Undergrad: 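Please see the structure below; I have some questions.
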Amino acid sequence: MASSKEYLDFVLESLADIDGISFRAMMGEYIIYLDGKVIGGIYDDRFLLKPTKSALAMMPDAKRELPYDGAGEMLLADVEDRALMRELLPKMYGEVPGSKRK
């Protein structure tokens, strides 16, 4: 099942306070970036974050879910908790690798 544009819009609105958020559509889903680094994505209308050290510490009870078959586990984020997202995403930025140059 592909994610809906409406859910993407909802997530982007919830993250609107955070500078540097962008997205890319990919095979019916959406990859979410912070200043050019992948921090997570929208898969089957679920906002999933990479399980970085900060994310695991700040969301210890988050459900671990697979974005798609064969992928590693990610953390189901409560995008409506805007205060948590404002604090967490900048911390994650330093913990995720940069994009690979082609």
Side-chain angles (χ1 to χ4, degrees):
M1 172 179 107
S3 294
S4 68
K5 176 77 166 80
E6 292 78 20
Y7 189 74
L8 169 67
D9 292 340
F10 168 72
V11 169
L12 293 176
E13 172 61 29
S14 295
L15 301 178
D17 299 1
I18 304 168
D19 291 332
I21 295 290
S22 60
F23 72 94
R24 174 183 282 170
M26 189 169 295
M27 299 186 329
E29 307 296 354
Y30 300 95
I31 308 302
I32 304 297
Y33 297 85
L34 177 60
D35 291 328
K37 290 185 176 183
V38 177
I39 56 164
I42 299 172
Y43 304 92
D44 298 328
D45 286 341
R46 299 168 298 157
F47 181 51
L48 303 179
L49 293 174
K50 289 189 167 203
T52 65
K53 202 162 128 178
S54 294
L56 291 167
M58 294 179 70
M59 300 187 323
D61 299 324
K63 285 181 64 179
R64 294 169 187 249
E65 299 200 4
L66 298 176
Y68 52 88
D69 288 339
E73 287 184 337
M74 296 179 80
L75 303 176
L76 180 62
D78 179 5
V79 71
E80 293 184 64
D81 188 343
R82 291 180 181 212
L84 175 64
M85 294 298 109
R86 269 193 313 271
E87 184 179 351
L88 173 59
L89 298 188
K91 289 180 179 181
M92 288 180 65
Y93 180 81
E95 298 173 347
V96 294
S99 63
K100 296 177 183 170
R101 299 276 176 195
K102 292 183 180 179

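None of the values given here were measured: they were computed from a predicted structure.
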Undergrad: L76 and R46: which non-hydrogen atoms are nearest, and at how many Å?
TA: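 Smallest heavy-atom distance, with atoms named: CD1-CB, 3.9 Å.
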Undergrad: Is any side-chain heavy atom of M92 less than 4.5 Å from a side-chain heavy atom of L49?
TA: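 Side chain of M92 against side chain of L49, heavy atoms only: contact under 4.5 Å found.
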Undergrad: My understanding is that only residues two or more places apart in sequence, or in another chain, count here; which of them pass ring-ring contact (aromatic ring centres under 6.0 Å, His included) with Y68?
TA: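 Y68: no ring-ring contact (aromatic ring centres under 6.0 Å, His included) contacts found.
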Undergrad: With heavy-atom distances below 4.5 Å as the criterion, would you say the side chains of I32 and L48 are in contact?
TA: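 Heavy-atom side-chain distance check fails, nothing below 4.5 Å.
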Undergrad: Which heavy atom of G72 sits nearest a heavy atom of P67, and at what distance?
TA: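 Minimum heavy-atom contact is O-CD, 3.3 Å.
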Undergrad: Please tabulate, for the side chains in residues 51-58, all donor-acceptor contacts under 3.5 angstrom to protein atoms that are two or more places apart in sequence or on a different chain.
TA:
{"unit_1": "T52", "atom_1": "OG1", "unit_2": "A55", "atom_2": "N", "d": "3.2"}
{"unit_1": "T52", "atom_1": "OG1", "unit_2": "E95", "atom_2": "OE1", "d": "2.9"}
{"unit_1": "S54", "atom_1": "OG", "unit_2": "E95", "atom_2": "OE1", "d": "3.3"}
{"unit_1": "S54", "atom_1": "OG", "unit_2": "E95", "atom_2": "OE2", "d": "2.7"}

Undergrad: Working to the nearest 0.5 Å, report the span between OG of S3 and CD1 of I42.
TA: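 Reported to 0.5 Å precision, the distance equals 6.5 Å.
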Undergrad: With the 4.5 Å side-chain cut-off for hydrophobic clustering, are I39 and Y93 part of the same group?
TA: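 Same cluster.
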Undergrad: Show me the donor-acceptor pairs, under 3.5 Å and distance only, between side chains in residues 18-27 and residues at least two apart or in other chains.
TA:
none

Undergrad: Is any side-chain heavy atom of L84 closer than 4.5 Å to one of M59?
TA: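 Yes - at least one pair of side-chain heavy atoms lies under 4.5 Å apart.
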Undergrad: Looking only at heavy atoms, what is the nearest atom pair of A2 and G28, with distance?
TA: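 Looks like CB-O, 3.3 Å.
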Undergrad: Is there a side chain to side chain contact (heavy atoms under 4.5 Å, CB included) between F47 and L8? Walk through the geometry before answering.
TA: CA-CA 9 Å; F47 181 51; L8 169 67; over 6 Å; no
Undergrad: Would you kindly confirm whether Y43 and V38 end up in one hydrophobic cluster when ILVMFWY residues are joined by side chain heavy atoms under 4.5 Å apart?
TA: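 Cluster IDs for Y43 and V38 match.
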Undergrad: Taking side-chain hydrogen bond (donor to acceptor under 3.5 Å, both in side chains) as the definition, give me every residue that meets it alongside R86, ordered by chain and number, with sequence neighbours left out.
TA: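 Expected list: D17.
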Undergrad: With clusters defined by side-chain heavy atoms of hydrophobic residues (ILVMFWY) lying less than 4.5 Å apart, directly or transitively, does L75 cluster with Y33?
TA: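 In one cluster: no.
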Undergrad: What is the minimum heavy-atom distance between V79 and F10, and which atoms define it?
TA: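 Here V79 and F10 meet closest at CG1-CE2, 3.4 Å.
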Undergrad: State which residues pass salt bridge (Lys or Arg N to Asp or Glu O under 4.0 Å) with D9; sequence neighbours excluded, sorted by chain then number.
TA: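 With sequence neighbours excluded, D9 shows a salt bridge (Lys or Arg N to Asp or Glu O under 4.0 Å) to K5, given in chain and number order.
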Undergrad: Which pairs pass side chain to side chain donor-acceptor pair (under 3.5 Å) with one or both residues in residues 69-84, sequence neighbours excluded?
TA: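 Pairs touching residues 69-84 that pass the test: none.
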Undergrad: I want to check something: taking the side chain as every heavy atom from C-beta on, are Y7 and Y30 in contact at a cut-off of under 4.5 Å?
TA: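 They are not in side-chain contact.
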Undergrad: Take R64 and M74 through the test side chain to side chain contact (heavy atoms under 4.5 Å, CB included) and record every step on the way to the result.
TA: CA-CA 5 Å; R64 294 169 187 249; M74 296 179 80; over 6 Å; no
